[in-house]
Amino acid sequence: MTRVTAEYLLETPFPPEEVAATMAGEQSSGTFVRVAGETDELRARSAAEVLSVEALGDGDTPTLASAYLERKKIGGPYHLARVRIAYPTGNIGKNLATLASTVSGNLYDIGEVTGLKLMSLSIPAEYRNRYALPTQGIVGSRATMGVEGRPVFGTIIKPNVGMTPEDIAALVDRLCAAGVDFIKDDEVCANPDIAPIAERVPAVMAVIRKWQEKTGRQVMMAFNITDETDAMRRHADLVAAEGGSCVMASLNWCGLSGMETLRAHTPLAIHAHRNGFGAMSRHPRLGMGFQAYHALYRLAGIDHMHVHGIGGKFVDSAEEVTEAARDCLAPLSEGGPDDRVMPAFSSGQWAGTLPSTLEAAQGPDLMFMCGGGILAHPQGPEAGIASLREAYEALTAGETLAEAARTRPALAAAIDFFGKR
């Protein structure tokens, strides 16, 4: 029997073993009591199994309130445990939305639970093979951009919103001239009145085609096509018709089914933006960890995945960013296909954060995206991109950035400007 295994962090005033059994029943063949038709044969075929319960200590106060516990006048101590439950894939079929509702769903609402976080998913290769793969992933994205043996250096259109298609095209022209590899729309710029996608895509792609004819390299532009599903398909068709290679979507607001539909519709690379993920992840005893979250969206066939940045402007610790990047760079299933996706580092990144980023990714297979780190460089975007190249050249030669800055002016200016922030 093929099964998906989910690992949870559970908090409850009841014996964790009992609550784990309730969780397994609730999300497979049973409910809180045995019902008519729930035969032994059916349970053997379809019941989820609690694989392990590891006690992690007790607390005096609950993380979350529960009216169920209040009605029953049940208090602490509150037991924390790591729980692993295996769910038969026969209950789910090839159905990504149902997989998500099986491993999470009503579990967050069980009355006995005062804390629950889905930490990780283990997906067997046999089951992973039923779902979409990246169309480009790491190898294909590199080939499209003509970038080998080093990080992909990219940026984000800034200001976030407010520029016209002509303004954006002029900025893209300048960035292409400076040698950028990758450009993306901001997550809040999808189809604004001032720069509708029907006008923005042709204007920008005319510039990218011009530079491709000049240099033989195609800058990858991730157009933000976040929208309702039919509109996303139309937008993707427009990008493809204009010779584009990539689209971007905000995962949490398009949803698993929307991303599956988009993947089935277009061969373009899908740049997956996780904005809003903090609502699921930031609380240590509620929501969903990155490994589980990204596993679900990787089954939808994405090509690139945001992991935030080390030393950036967001809340993630260096350890969290590192773990997320390494999750992206590993096959989803042992013995399964090469479905690795390119981690996209962003948020407050500049040349000075490149050393820790390379260490986190354990190599150059990454997108290093600098908004202000390129566009706010005191000597202009051209020097911003040059500072990244100079930093990488220095690091691969065994130099420190401080040493390299003595002979590399763009890097020196970046350190002087961004290093004080």
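Bear in mind the structure is a predicted one, so any value in this text is a computation, not a measurement.
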With a 4.5 Å limit on heavy-atom distance, are the side chains of [X] and [Y] in contact?
{"X": "Met305", "Y": "Phe290", "value": "yes"}
{"X": "Asn252", "Y": "Met280", "value": "yes"}
{"X": "Val152", "Y": "His304", "value": "no"}
{"X": "Arg263", "Y": "Thr135", "value": "yes"}
{"X": "Val307", "Y": "Cys328", "value": "yes"}
{"X": "Phe368", "Y": "Thr353", "value": "yes"}
{"X": "Cys370", "Y": "Leu388", "value": "yes"}
{"X": "Val83", "Y": "Met119", "value": "no"}

Next item on the list: Count the heavy atoms belonging to other residues, nucleotides or ligands that lie under 6.0 Å from CD of Glu323, then report whether that count exceeds 12.
Entry: no
Notebook entry, point to check: Counting heavy atoms not belonging to Asp230, are there more than 12 under 6.0 Å from its CG?
Noted result: yes
Shortest non-hydrogen contact from [X] to [Y]?
{"X": "Leu118", "Y": "Ser104", "answer": "CD2-CB, 4.5 Å"}
{"X": "Leu299", "Y": "Tyr131", "answer": "O-CB, 3.3 Å"}
{"X": "Ala125", "Y": "Glu334", "answer": "CB-O, 3.8 Å"}
{"X": "Gly372", "Y": "Phe418", "answer": "O-CZ, 3.2 Å"}
{"X": "Ala351", "Y": "Ser387", "answer": "CB-O, 3.8 Å"}
{"X": "Thr12", "Y": "Thr114", "answer": "N-OG1, 3.8 Å"}

Do the charged groups of [X] and [Y] touch, with an N to O distance under 4.0 Å?
{"X": "Arg209", "Y": "Glu242", "answer": "yes"}
{"X": "Glu54", "Y": "Arg84", "answer": "no"}
{"X": "Asp227", "Y": "Arg234", "answer": "no"}

I need the [X] [atom1] to [Y] [atom2] distance, nearest 0.5 Å.
{"X": "Lys117", "Y": "Tyr108", "atom1": "NZ", "atom2": "OH", "result": "9.0 Å"}
{"X": "Leu175", "Y": "Glu382", "atom1": "CG", "atom2": "CD", "result": "8.0 Å"}
{"X": "Ser101", "Y": "Ile92", "atom1": "OG", "atom2": "CD1", "result": "8.0 Å"}
{"X": "Gln136", "Y": "Leu133", "atom1": "CD", "atom2": "CG", "result": "13.5 Å"}
{"X": "Leu296", "Y": "Leu96", "atom1": "CG", "atom2": "CG", "result": "6.0 Å"}
{"X": "Leu107", "Y": "Ile85", "atom1": "CG", "atom2": "CD1", "result": "6.5 Å"}

Notebook entry, point to check: side-chain contact (heavy atoms from CB on, under 4.5 Å) with Pro409: which residues, sequence neighbours excluded?
Noted result: Glu390
Could you tell me whether a side-chain N or O of [X] sits under 3.5 Å from a main-chain N or O of [Y], the two making a donor and an acceptor?
{"X": "Asp181", "Y": "Phe153", "answer": "yes"}
{"X": "Asp416", "Y": "Ala413", "answer": "no"}
{"X": "Asn224", "Y": "Cys189", "answer": "yes"}
{"X": "Arg128", "Y": "Asp339", "answer": "no"}
{"X": "Thr89", "Y": "Thr2", "answer": "yes"}

Next item on the list: Using distance alone, with no hydrogens and no angle criterion, decide if Asp327 and His294 have a side-chain donor and acceptor under 3.5 Å apart.
Entry: no
Next item on the list: Report yes or no: do His265 and Asp237 form a side-chain donor-acceptor pair below 3.5 Å?
Entry: yes
Next item on the list: Mind telling me whether Phe314 and His308 have parallel, tilted or perpendicular rings, with 30° and 60° as the class edges?
Entry: tilted
Notebook entry, point to check: Would Phe182 and His271 count as a close aromatic pair, with their ring centres under 6.0 Å?
Noted result: yes
Margin query: Run Val172 and Val219 through side chain to side chain contact (heavy atoms under 4.5 Å, CB included) and show every step you take.
Written below: CA-CA 10 Å; Val172 169; Val219 171; 6.0 Å; no
Item checked: Working for side chain to side chain donor-acceptor pair (under 3.5 Å), residues Thr22 and Glu26 -> CA-CA 6 Å; Thr22 298; Glu26 182 75 25; over 6 Å; no
Notebook entry, point to check: Does any pair with a residue in residues 359-371 pass side chain to side chain donor-acceptor pair (under 3.5 Å), and if so which ones, sequence neighbours excluded?
Noted result: Arg142-Asp365
